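Each remark here refers to the structure printed beneath this line.
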Amino acid sequence: MLSNSIKFVFEDKIKEIKNPDPNETILNLIRLRLKKTGTKEGCAEGGCGACTVVVGELKKDKIIYNAINSCIAFTTSLEGKQLLIVEDLIKKDGSLHPVQSAMVNFHGSQCGFCTPGFIMSLFAMYKNKTSYDKKTIEESISGNLCRCTGYRPIIDAAKSLDKNKADQFKKNEKKTISLLKKIRPKNICINNESKKYFAPRTIDELKKIIKKNENAEFISGGTDMSLIVTKQKKDIKNMIYLNSIDELNYIKENDKYIEVGGTTPLIKFEFIIKKYYPDFNRILKRYGSVQIRNVATLAGNIATASPIGDSLPLLLSLDASITIEDFKKKTVIPLKEFFIGYRKTMLKKGQFIRSIRIPVFKKNIFKAYKISKRIDDDISSVCASFNLTIVNKKIKNIKIAYGGMAATPKRAFYCEKMLLNSNFSEDIIVKAQKSLEKDFQPIDDMRASKNYRIEIAKNLLTKCFAEIKNNKLIRLSY
Amino acid sequence: MKKILYINEKRIHDSARKHVSGLADYTDDINEPNGTLHGAVGWSKQAHALIKKIDLSEVWKSEGVITVITNNDIPGRNDVGPVFDGDPIFPTKKVEFYGQPLFAVAATSTDLARKATLKAKISYKTLKPIVTIKEALKKKNFVLKGKKIQRGNPTNAILKSKNCLKGNFTTGSQEHFYLEGQVAFVIPKEDKDLLVYSSTQHPSETQQIISKMLNQKSNSVTVLVRRIGGGFGGKETNFLTSSICALLASKTNKPVKLRLDRDDDIIMTGKRHDFYSDYEVGFNDIGVIKGLKIKLASRCGMSADLSGAINERALLHIDNAYYLSNVQVQNYLCKTNTVSSTAFRGFGGNQGMMAIENIIDNIARHLKKDPAEVRKNNFYKKNYKNITHYGMKIEDNVIQEIFNKLIKKSNYKKRYSKIKKFNLNSRYLKKGIAITPVKFGISFTTIHLNQAGALVHIYTDGSVYLNHGGIEMGQGTNTKIAQLVSNAFGISYEKIKISSTNTSKVPNTSASAASSTTDLNGAAALNAVSKIKENLEKFIKKKYNIKNIKNIVYENGLIKFNNKSFKFDSIIQEAYLNRISLSSTGFYSTPKIHFNKKTFSGRPFLYFCYGASVTEVTIDTLTGENIIERVDILQDTGKAINPVLELGQIEGGFVQGQGWLTMEEVNWKPNGQIITISPSTYKIPASSDIPKIFNVEIFKQGKNKENVVNKSKTTGEPPLMLAMSVFYAIKDAVASVGEYKAIPKLDAPATPEKILMSLKELKSRISHNG
């Protein structure tokens with residue numbers, strides 16, 4: 001059954017938006033249509049967190065609360081969910097939610113403009129986490145910028161929260177669940193003036209839509225694509241939303257590989273990958289804020305093909321492959337062949353990434369590093385990834401990949417060749433460093449100069465081998 | 001009953017509950033009347049060019065567009081310069097920076113207005129831009145004539161000194177990144193009057209600039225500001241947004257809202273001045289400076305704006321806390337084809353202080369001494385060596401006490417040697433530590449700005465309405481002033497209503513700037529209170545026949561005349577019935593200050609704020625990354641009106657300073673295009689960047705010697721400079737790589753890139769020399 005309206009739970013009721021503009025952001029919905037002004041626009045690109053809202057989703061009869069950036073999410077993505085904004089946290093009697101009270105009592109607001117966003121990020125943490133230690137708090141607010149307080153009072157407010165206190169949402173849970181059950185996502189098809197939007201529920205339906213709409217853009221988390229609307233002020237005329245397709249949201253693990261579905265959010269993936277490759281998890285924690293990782297996907301990072309996409313060098317060094325599909329057939333492509341130029345890939349119109357397969361190298365050493373001006377929520381100057389084994393002091397099976405060093409994320413084949421089968425020594429590292437100059441001729445931009453890029457690329461090689469040699473991590477403890 | 005005090009207490013910010021509930025209204029949140037239009041600005045894509053043609057035909061045709069304005073639509077003054085001309089709203093012949101407004105649109109929605117601006121066709125004749133300080137110095141391109149000030153004979157003193165150093169140093173620019181961007185909302189009223197809501201630190205100047213632009217009298221424009229979402233100086237003189245919005249509203253006779261998109265905000269509005277200094281210094285064996293010659297050049301951008309005052313404050317703070325017996329400073333106000341640099345917390349003072357701190361640090365490294373000792377050896381003394389290079393006697397010096405106390409409290413000495421040991425045993429990760437002092441002068445150096453007004457009403461139910469000229473931008477000035485007023489009347493804080501700053505209630509105000517907002521406006525409010533009290537007391541004395549009582553006490557809702565006391569609320573009602581005025585304006589002008597700009601001498605400051613901080617960092621010498629392990633701060637706030645708000649200013653100011661000196665980097669292309677224009681390319685500190693251990697303490701013995709409200713000292717700007725210790729701790733860690741034998745060359749901001757390059761240069765210099 002096709003529907004052209006979006007239904008979601010808002011203020012304890014089902015809210016229906018008939019035939020919405022597919023390019024309308026949730027922030028504009030809230031501020032301009034629902035006329036609620038507590039949620040603020042700070043940057044319109046998901047970089048400051050002032051617009052943070054929480055989206056409740058029914059998962060196995062439980063509500064999962066995710067903080068997202070409402071400035072770069074479309075209204076249509078609310079289908080079947082609950083929308084919570086800062087005003088909703090005030091109780092009916094006018095008293096404050098524990099998160100709000102804590103922020104007041106700890107003097108966590110000064111100018112107050114970023115505050116609603118912090119409240120919502122902390123609210124999601126309050127609902128989802130079992131402890132509020134410093135790491136958890138910092139991670140939860142890593143996507144919220146404050147220019148006044150210096151964060152200390154906000155962190156202290158968060159630390160003070162009492163996990164055992166049930167809030168009004170806990171008390172109201174049954175009712176909300178029954179509302180959410182009434183509006184389970186439908187197969188959506190919108191045709192608003194010149195703009196089309198599809199949200200199929202199954203891969204079969206998806207293929208039918210692709211067949212008729214070969215030029216449509218695929219959207220999942222949309223954290224990059226939405227910028228076309230919010231930053232370039234252009235329209236996305238024809239969009240196919242993949243996140244209503246349950247078949248695409250999965251992680252499969254076995255002895256040989258981990259397979260990640262096209263729409264699996266990073267927040268879910270980072271938890272699983274930690275067991276296999278701890279450094280992969282560490283990089284993902286710094287990939288972007290929680291708001292971004294709640295919706296962003298590996299497939300999206302791959303399809304965007306940015307030279308500074310943080311997961312890409314890691315996937316390259318792990319020899320990942322991807323399955324791409326259109327309405328006719330499936331193709332498996334090794335990732336190293338996928339990137340063909342600056343933001344250009346082998347993906348053709350009508351093709352989507354169905355899954356990513358990452359081999360499990362049980363005996364290998366895997367290391368990854370991200371260098372940026374700021375620790376959290378920054379774009380890499382350089383990102384490097386090393387995957388190798390050492391057998392009888394000889395370097396074997398080495399795969400090295402870098403981001404930020406060329407027009408695409410790229411393997412360092414010259415460097416690999418220099419190291420392969422060599423004895424593990426400082427001499428060979430120096431030679432391998434030299435060969436990186438053959439692999440890469442980076443550029444200057446606002447994030448780093450080419451000299452700095454080549455310098456750290458070399459130094460990260462040193463770091464990798466120093467860590468192997470000393471059998472410990474040589475890193476700043478963030 | 002004990003007297004209830006409403007000062008010196010930890011009261012929450014008056015808007016805190018509204019902040020956390022999303023119920024605090026900012027300009028963009030004000031309910032729009034039907035028919036409100038939305039604006040957007042079209043700006044130059046060239047940094048320096050003659051305008052050949054502006055073709056707006058497609059803009060006019062764009063969906064939803066109601067009107068388009070250019071310089072031809074300006075009936076009056078086409079300039080928003082607050083002190084000097086040079087900041088056209090829309091330039092007529094020549095563009096002077098990438099991002100300079102050229103036209104604006106009003107449309108039925110913000111989205112349509114912004115889309116329309118992209119359809120303009122503008123042709124330029126490109127001219128060569130001057131982008132950097134060095135280019136401007138070479139071409140002698142200045143916005144204003146520089147100053148040269150001198151005390152003693154520095155040339156001679158340097159010649160005679162046992163040791164001498166020369167060098168140069170740079171500090172970077174900084175984007176304000178207030179979370180609420182520039183926004184204005186203008187509603188036309190009868191008689192062409194305009195009601196202007198604007199996110200500004202300076203409503204009075206907004207009023208004047210708009211009225212001059214429209215050729216109307218100031219009394220036809222009213223500016224209202226309830227609160228702003230951060231300012232930091234970035235909303236002190238930025239009048240473009242409100243002027244353009246007013247022009248659109250005036251032309252269409254419709255309410256118009258203009259909110260800049262974040263990118264446009266960063267591109268179109270001014271930032272902190274970056275500074276370049278060249279110095280020559282002579283000093284003795286314990287590091288005492290005998291003679292100093294220094295040249296200070298700053299990137300002022302395309303116009304003078306506030307650059308004169310900012311560069312002057314740099315000159316006034318070139319001493320920081322140090323006595324300079326023979327000194328010569330010459331400054332250069334470089335004109336560049338970049339957006340006009342403007343006020344930013346510190347206002348040039350911080351740049352001057354960084355320059356001298358760099359010199360002191362280098363002296364210590366040259367002498368292989370602990371920089372903390374060299375700093376101490378140069379401090380101003382209490383009873384001698386206490387006259388500044390501009391002739392002001394320092395009467396309130398507490399820097400030694402603060403510095404010594406902090407050294408003890410932070411365990412500096414022990415950690416200093418521990419770190420040296422750590423570095424011997426750690427090949428790649430290195431630690432550094434530094435302590436730096438702050439002495440910062442308080443008052444506008446433009447003397448006439450040191451005035452303020454207030455308006456206080458008491459209604460017949462005993463509730464109080466309070467209005468003053470200051471802007472609430474997060475610092476809590478409204479809370480603090482309401483505390484002062486409630487304390488003065490002896491009535492509960494809840495009875496005081498804090499209202500929007502409004503040019504029709506308090507006229508001719510100064511900007512909320514120079515850390516002086518509460519000092520000035522609080523005093524004006526108290527002046528109003530004392531006038532009302534005078535009326536009340538006269539009335540009571542007459543009616544109840546009370547004589548010869550001088551000591552009248554207002555406390556706990558009572559007015560006490562020795563044995564007789566009156567309930568505040570009832571006496572107000574009674575006073576009203578007896579036709580006694582219960583309303584008053586208040587006024588304050590800062591006493592004692594004077595400054596001769598020609599001779600560069602006098603007493604520009606009423607008092608000084610003092611503080612110090614110790615920072616310990618770790619750097620990764622393979623990547624240049626760094627973290628702040630621990631910070632200890634001791635700051636003099638005088639007798640704080642509200643210690644928690646002061647603490648918030650200290651911590652927040654520190655982190656903002658940390659951003660300025662470590663990660664925040666504004667980049668321009670050689671053609672003058674700014675490329676760090678959004679949070680994805682411009683990084684301010686996030687929560688994980690703050691010190692792992694962060695001990696902030698207020699100096700308990702603090703008390704303002706001058707007659708400032710509650711004997712307090714401001715905490716607006718001074719804490720920003722506490723972050724200097726972060727930079728010198730990083731430099732200390734870099735120095736460890738050369739075994740502390742050579743002076744690292746490190747400029748600010750110490751980004752990972754700058755740190756790594758500094759390490760590289762240091763290593764190659766050492767291997768070359770040895």
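Keep in mind that what you see is a predicted model, and the values were worked out from it rather than measured. A, B, ... follow the sequence lines: proteins, then strands. Residue 1 opens every chain. Computation of the quantities below employed the complete heavy-atom set of this structure, encompassing side-chain atoms and omitting hydrogens, waters and symmetry-equivalent molecules.
Scanning residues 372-380 of chain A against chain B with a 4.5 Å non-hydrogen threshold yields A:Ser372, A:Lys373, A:Arg374, A:Ile375, A:Asp376, A:Asp377, A:Asp378, A:Ile379, sorted by number.
Other residues, nucleotides and ligands contribute more than 12 heavy atoms inside 6.0 Å of the NZ atom of A:Lys134. No more than 12 heavy atoms of other residues, nucleotides or ligands shown are found within 6.0 angstrom of NZ on B:Lys10. At most 12 heavy atoms of other shown residues, nucleotides or ligands fall within 6.0 angstrom of atom CG in B:Asn34. Environment of NZ in A:Lys91: crowded, with over 12 heavy atoms of neighbouring residues, nucleotides or ligands closer than 6.0 Å. Within 6.0 Å of atom NZ in B:Lys760, 12 or fewer heavy atoms from other residues, nucleotides or ligands are found, so the atom counts as exposed in its surroundings. By the neighbour-count criterion of 12 heavy atoms within 6.0 Å, atom CD of B:Glu63 is sparsely surrounded, having that number or fewer from other residues, nucleotides or ligands.
Using a 4.5 Å cut-off between heavy atoms, B:Arg11 contacts chain A through its backbone alone, with no side-chain atom that close. With a 4.5 angstrom heavy-atom cutoff, B:Leu118 touches chain A only via side-chain atoms. No part of A:Lys458 comes within reach of chain B, as not one of its non-hydrogen atoms sits under 4.5 angstrom from that chain. Contact annotation for A:Lys36: neither backbone nor side-chain heavy atoms come within less than 4.5 Å of a heavy atom of chain B. If you measure heavy-atom distances from B:Val655 to chain A, the contacts under 4.5 Å come from the side chain alone. For B:Ile690, the part sitting under 4.5 Å from any heavy atom of chain A is the side chain, from C-beta outward, and nothing else. Using a 4.5 Å cut-off between heavy atoms, A:Leu460 touches chain B through its side chain atoms alone. Interface remark: A:Ile474 contributes backbone and side-chain atoms alike to the contact with chain B (heavy atom separation under 4.5 Å). For a residue to count as touching a neighbouring chain, one of its non-hydrogen atoms must lie under 4.5 Å from one of that chain's; by this rule A:Gln232 touches chain B with the backbone only. Interface residue B:Ile619: only backbone heavy atoms are found under 4.5 Å from chain A. Neither the backbone nor the side chain of A:Arg453 comes within less than 4.5 Å of any heavy atom of chain B. Neither the backbone nor the side chain of B:Leu645 comes within contact range of chain A, judged by heavy atoms closer than 4.5 Å. Heavy atoms closer than 4.5 Å to chain B are found in the side chain of A:Glu45, but not in its backbone.
With sequence neighbours left out, the side-chain hydrogen bond (donor to acceptor under 3.5 Å, both in side chains) criterion links B:Glu646 to B:Lys480, B:Thr715. By the side chain to side chain contact (heavy atoms under 4.5 Å, CB included) test, A:Cys148 is found to be paired with A:Gln110, A:Cys111, A:Cys146, B:Phe232, residues two or more places apart in sequence or in another chain being considered. Residues passing the side-chain hydrogen bond (donor to acceptor under 3.5 Å, both in side chains) test with A:His107, sequence neighbours excluded: none.
One finds no salt bridge joining B:Asp25 and B:Arg226 here, because no Lys/Arg side-chain nitrogen approaches an Asp/Glu carboxylate oxygen to under 4.0 Å. Look at B:Glu665 and B:Lys683 and you find no salt bridge, because none of the NZ, NE, NH1 or NH2 atoms lies under 4.0 Å from a carboxylate O.
No side-chain donor-acceptor contact under 3.5 Å links B:Gln174 and B:Tyr682. Counting only N and O atoms by type, the side chains of A:Thr462 and A:Gln433 include a donor and acceptor under 3.5 Å apart.
Only one option out of B:Phe177, B:Tyr178, B:Tyr26 pairs with A:Phe113 in a ring pair (Phe, Tyr, Trp, His ring centres under 6.0 Å); it is B:Tyr26.
Across B:Thr110, B:Thr676, B:Thr623, the residue that shares the most heavy-atom pairs under 4.5 angstrom with chain A is B:Thr623. By number of non-hydrogen pairs under 4.5 angstrom with chain B, the leading residue of A:Ser109, A:Gly117, A:Ser477 is A:Ser109. For the set B:Gly229, B:Ala24, B:Pro691, the entry with the most heavy-atom pairs within less than 4.5 Å of chain A is B:Gly229. Heavy-atom pairs under 4.5 Å with chain B peak, among A:Gly46, A:Ser449, A:Gly108, at A:Ser449. Most heavy-atom pairs under 4.5 Å with chain A, from the set B:Met663, B:His176, B:Glu180: that is B:Glu180. For the set B:Asp263, B:Thr618, B:Asn626, the count of heavy-atom pairs under 4.5 angstrom toward chain A peaks at B:Asp263. Chosen from A:Ile155, A:Val104, A:Leu32, A:Ile85, the residue pairing most often with chain B at heavy-atom distances under 4.5 Å is A:Val104. Put simply, of B:Thr681, B:Ile627, B:Ile684, the one with the most heavy-atom pairs under 4.5 Å next to chain A is B:Ile684. Here B:Gln656 is the residue among B:Met473, B:Gln475, B:His13, B:Gln656 with the most heavy-atom pairs under 4.5 Å with chain A.
Inter-residue side-chain proximity for A:Leu96 and A:Leu89 is flagged as unmet; no heavy-atom pair is nearer than 4.5 Å.
Aromatic ring orientation, A:Tyr132 versus A:Tyr126: parallel (interplanar angle below 30°, classes split at 30° and 60°).
Looking only at distances, a side-chain donor or acceptor of B:Thr621 sits under 3.5 Å from a matching main-chain atom of B:Tyr428.
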